[in-house]
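Report on the structure given below.
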Amino acid sequence: MSRILITSAIPYINGIKHLGNLVGSQLPADLYARYMRMRGNEVLFLCATDEHGTPAELAAARAGKPVAEYCAEMWQVQKDLSDGFGLSFDKFGRSSSEQNRALTQHFAGKLADAGLIEEVVESQVYSHADGRFLPDRYIEGTCPNCGYDKARGDQCENCTKQLDPTDLIEPRSAISGSTDLEVRETRHLYLKQRSLRADLKAWIDSKTDWPILTTSIAKKWLNDGDGLQDRGITRDLDWGVPVKRGADPWPGMEDKVFYVWFDAPIEYIACAKEWTDGMGRPDADWERWWRTDKGADDVKYVQFMGKDNVPFHTLSFPATIIGSGEPWKLVDYIKSFNYLNYDGGQFSTSQGRGVFMDQALEILPADYWRWWLLSHAPENSDSEFTWENFQTSANKDLADVLGNFVSRITKFCRSKFGEEVPSAGAWGPDEDALIARLEEGLAKYTAQMEAIEVRKAAAELRALWVLGNEYLQSSAPWTVFKEDPDRAAAIVRLALNLVRLYAVISAPFIPDASARMLSSMNTLDMEWPDDVRAALGALPAGHAFAVPDVLFRKITDDEREDWQSRFSGRRT
RNA sequence: GGGCCUGUAGCUCAAUUGGUUAGAGCAGAGCGCUCAUAACGCUUUGGUUGGGGGUUCGAGUCCCUCCGGGCCUACCA
């Protein structure tokens, strides 16, 4: 038994997440967490909402609510949706928590003590009408290069030229449209990542088994141009973790907050404390996951995220941890994902394009989405969601291969032997052959799960489901029954046990269907089938069961067409 | 502009890291079965691996070049 710490990239508080967000971090993380728990490991699986930053303030303003209230409401919305998708977090925390506030300030203090914080005076654009400093991309104007009139302060989307806000002709606030802007000086804290470059490089270079997507992004940031740059870790905003040096005030920083990307990863740690605090347990119970001086030495820490998050997890957050000089746990493996596209374009939160988590659950149960998304996870390159592919995959894999197997064997048994496991007959060479194939397939499946090869694991699981149909076809109990009912009983006894076995091994992918299968087989036995032959005897002769309702109904062409047109435009 | 990823059957993806005849699923075709959600099983059609050049005994894999798709480029997160 091992101890495994799993974190999913924390979703931003601003709005409901789409299926691309889900498949890029939370869902595969959940798959891994469920699997590792079932294999008898001690797992701590953490996630939270990422609540600070400019977009949260603007979203709250649009909603006409104080930002704290807005975030609290959106946290509940996201929590309910993550429950709806069966995401089995041990704790779904908040980056705005007291725990994260204190820990973020603690890290900043330690970094300052280590000489890794520098104060820098810089010039930024201030908008009088908005009453705030504007990040570069919140300033719009005419591009001096191509004349495009909606160029942003960081880059012109039309000619792709990199810009500085002061380059723009007739700059205006992207928030209010106001042109009453001025350049002001403001003082900020920088994390001296340059000083940590050698440590970070050695650490990244030691990670030879990480996905190439992960290490290539990290190495680019380490080596490109002048190498890793120092990073500003404070902002002139109201909403965020107030800048303090540990518990002490930080002179000159009174009205500032930490940059959201400084405090967000620290929430991975603070979330563990939220978890134990919520249960009234002592700090030692979370520190044994995070402090290598307090028992976390034997923890394997795995992070899941989309590719856009990689620089912060491979460099910035490790810089915070290493720079602190304290014995915090560093990540052991980073599983990163590409993007899921939607019908020929991108999913987009800002444009409301695609299918969002709440909408998905309104039209179909979570298991349909979990299965399709995981079996098509964008591991090696961006992948694409289409309604046709979704319909055929779900119907074929879930309804025809798995669902129909459960249906055909339970109904056959009911009609010939009644709703209990028949006792007569004995297994022979056919069963030996099937068990050998199951053992072989199971070994492949578990190997892919251990390696976090999500799509390959799904393919191996499906292949295991197919074995059941092949077995029934070749053993043909409906024919055998006419001449040798006892032999048919033996076949049925095995096949009914196969339903339970499938429920167990499929649970990480489709937990709800798995629970219904177990329930109809009238058992709570979720023991992993390390010994296949023994596992196929878990339901003994005479054990009562009930024919379940249709496990997965099919998606009709009418439904598909309806959804296709319904989700073709923008979300309102 | 720079960096990285990517292009394999009609579709979605593999290919043990340079090694026999490039494999699966879906879709298509044929046959079988009749327990089952018009379900299942078996067989089968289909590829000049984006184009061109090179290295090698041997290239989907390495190099060069051209074409297409995508991501990142540090103040969105």
Side-chain angles (χ1 to χ4, degrees), chain A residues 9-14 50 52-56 58 122 124-125 133-139 152-155 160-162 165 174 188 193 211-213 215-217 219-221 223-225 228-232 234-236 259-261 264 306-312 315-316 338-339 341 346 349-350 375-376 378-384 386 388-389 392-393 395-416 453 455-456 458-459 462-463 466 468-474 476-479 481 488 491-492 495 547 549-554:
Chain A
I10 64 178
Y12 198 64
I13 194 70
N14 175 14
D50 177 14
H52 297 136
T54 309
L58 297 180
E122 54 190 18
Q124 286 194 353
V125 174
F133 282 94
L134 298 176
D136 289 355
R137 68 169 48 203
Y138 283 100
I139 303 161
R152 292 190 323 206
D154 55 343
Q155 185 177 35
T160 73
K161 187 178 172 59
Q162 303 275 314
H188 282 296
Q193 298 187 137
I212 190 162
L213 181 65
T215 49
S216 66
I217 293 174
K219 286 176 181 172
K220 174 186 161 42
W221 281 53
N223 301 325
D224 227 40
L228 187 63
Q229 301 295 300
D230 293 345
R231 180 182 280 274
T234 54
R235 292 289 183 274
D236 289 294
Y259 175 40
V260 56
W261 262 117
K307 58 184 165 184
D308 52 332
N309 276 286
V310 167
F312 303 98
L315 302 168
S316 307
N338 286 283
Y339 291 148
N341 291 323
Q346 291 188 347
T349 304
S350 57
S375 61
H376 294 79
E379 287 174 297
N380 291 337
S381 61
D382 292 354
S383 65
E384 172 137 329
T386 64
E388 289 85 355
N389 189 308
T392 54
S393 291
N395 285 355
K396 192 72 194 173
D397 299 346
L398 297 177
D400 294 346
V401 176
L402 177 63
N404 182 55
F405 171 77
V406 173
S407 182
R408 67 194 293 201
I409 191 57
T410 51
K411 286 181 178 172
F412 179 75
C413 182
R414 179 173 63 185
S415 73
K416 303 299 187 211
E453 290 284 350
R455 278 181 314 191
K456 290 177 184 174
R462 185 191 189 282
V466 168
N469 284 313
E470 287 179 2
Y471 170 69
L472 285 186
Q473 187 65 32
S474 63
W478 48 89
T479 305
F481 181 81
I491 295 166
V492 169
V547 173
D549 294 334
V550 167
L551 212 51
F552 292 100
R553 69 171 185 82
K554 293 208 189 194

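In what follows, chains are A, B, ... by sequence order, proteins preceding strands, each numbered from 1.
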Name the pairs: protein N/O against N/O of nucleotides 33-35 of chain B, kept only if under 3.5 Å.
| residue | atom | partner | partner atom | Å |
| --- | --- | --- | --- | --- |
| B/rC33 | O2' | A/Trp478 | NE1 | 3.4 |
| B/rC35 | O2' | A/Arg408 | O | 3.0 |
| B/rC35 | O2 | A/Arg408 | NE | 3.0 |
| B/rC35 | N3 | A/Arg408 | NE | 3.4 |
| B/rC35 | N3 | A/Arg408 | NH2 | 2.5 |
| B/rC35 | N4 | A/Arg408 | NH2 | 3.2 |

Show which side-chain atoms of residues 403-412 of chain A pair as donor or acceptor with protein atoms under 3.5 Å away, not counting sequence neighbours.
| residue | atom | partner | partner atom | Å |
| --- | --- | --- | --- | --- |
| A/Arg408 | NH1 | A/Asn469 | OD1 | 2.8 |
| A/Thr410 | OG1 | A/Val406 | O | 2.7 |
| A/Thr410 | OG1 | A/Ser407 | O | 3.2 |

Provide the distance between the two C1' atoms, one in B/rG46 and one in B/rG53, to the nearest whole Å.
29 Å
Considering only atom P, compute the distance from B/rA14 to B/rA9 and round it to an integer number of Å.
13 Å
Checking [X] now: which residues fulfil side chain to side chain donor-acceptor pair (under 3.5 Å) with it, not counting sequence neighbours?
X        : answer
A/Ser316 : none
A/Asp397 : A/Trp371, A/Arg462
A/Tyr259 : none

ring-ring contact (aromatic ring centres under 6.0 Å, His included) against [X], all qualifying residues, sequence neighbours excluded:
X        : answer
A/His376 : A/Trp372
A/Tyr339 : none
A/Tyr12  : none

B/rA74 base / A/Trp221 side chain donor-acceptor hit below 3.5 Å:
no
Give a yes or no on whether a donor-acceptor pair under 3.5 Å exists between the nucleobase atoms of B/rA36, that is its base, and the side chain of A/Asn404.
yes
With syn defined as a glycosidic angle within 90° of 0 and anti as everything else, classify B/rU48.
anti
Strictly below 4.0 Å: does A/Arg553 bring a side-chain N or O up to OP1 or OP2 of B/rU37?
no
Detail all sub-3.5 Å separations between protein N/O atoms and N/O atoms belonging to nucleotides 25-30 of chain B.
| residue | atom | partner | partner atom | Å |
| --- | --- | --- | --- | --- |
| B/rG25 | O3' | A/Arg462 | NH2 | 3.4 |

Tell me, with the steps shown, if A/Asn338 and A/Lys307 meet side-chain hydrogen bond (donor to acceptor under 3.5 Å, both in side chains).
CA-CA 6 Å; A/Asn338 286 283; A/Lys307 58 184 165 184; 3.0 Å; yes
Within the 4.0 Å heavy-atom criterion, would you say A/Gln229 contacts the bases, only the backbone, or no part of the nucleic acid?
base
Distance in angstrom units between A/Asp308 CG and B/rA77 P, rounded
12 Å
For RNA chain B, what dot-bracket results from Watson-Crick or G-U pairs at under 3.5 Å, with [ ] for crossers and | for inter-strand partners?
(((((((..((((.....[...)))).(((((.......))))).....(((((..]....))))))))))))....
With sequence neighbours excluded, tell me which residues meet salt bridge (Lys or Arg N to Asp or Glu O under 4.0 Å) with A/Asp136.
none
Pairs: protein N or O with nucleotides 7-15 of chain B N or O, under 3.5 Å:
| residue | atom | partner | partner atom | Å |
| --- | --- | --- | --- | --- |
| B/rC13 | O3' | A/Arg455 | NH1 | 3.2 |
| B/rC13 | O3' | A/Arg455 | NH2 | 3.3 |
| B/rA14 | OP1 | A/Asn380 | ND2 | 2.4 |
| B/rA14 | OP1 | A/Arg455 | NH2 | 2.3 |
| B/rA15 | OP1 | A/Lys456 | NZ | 2.9 |

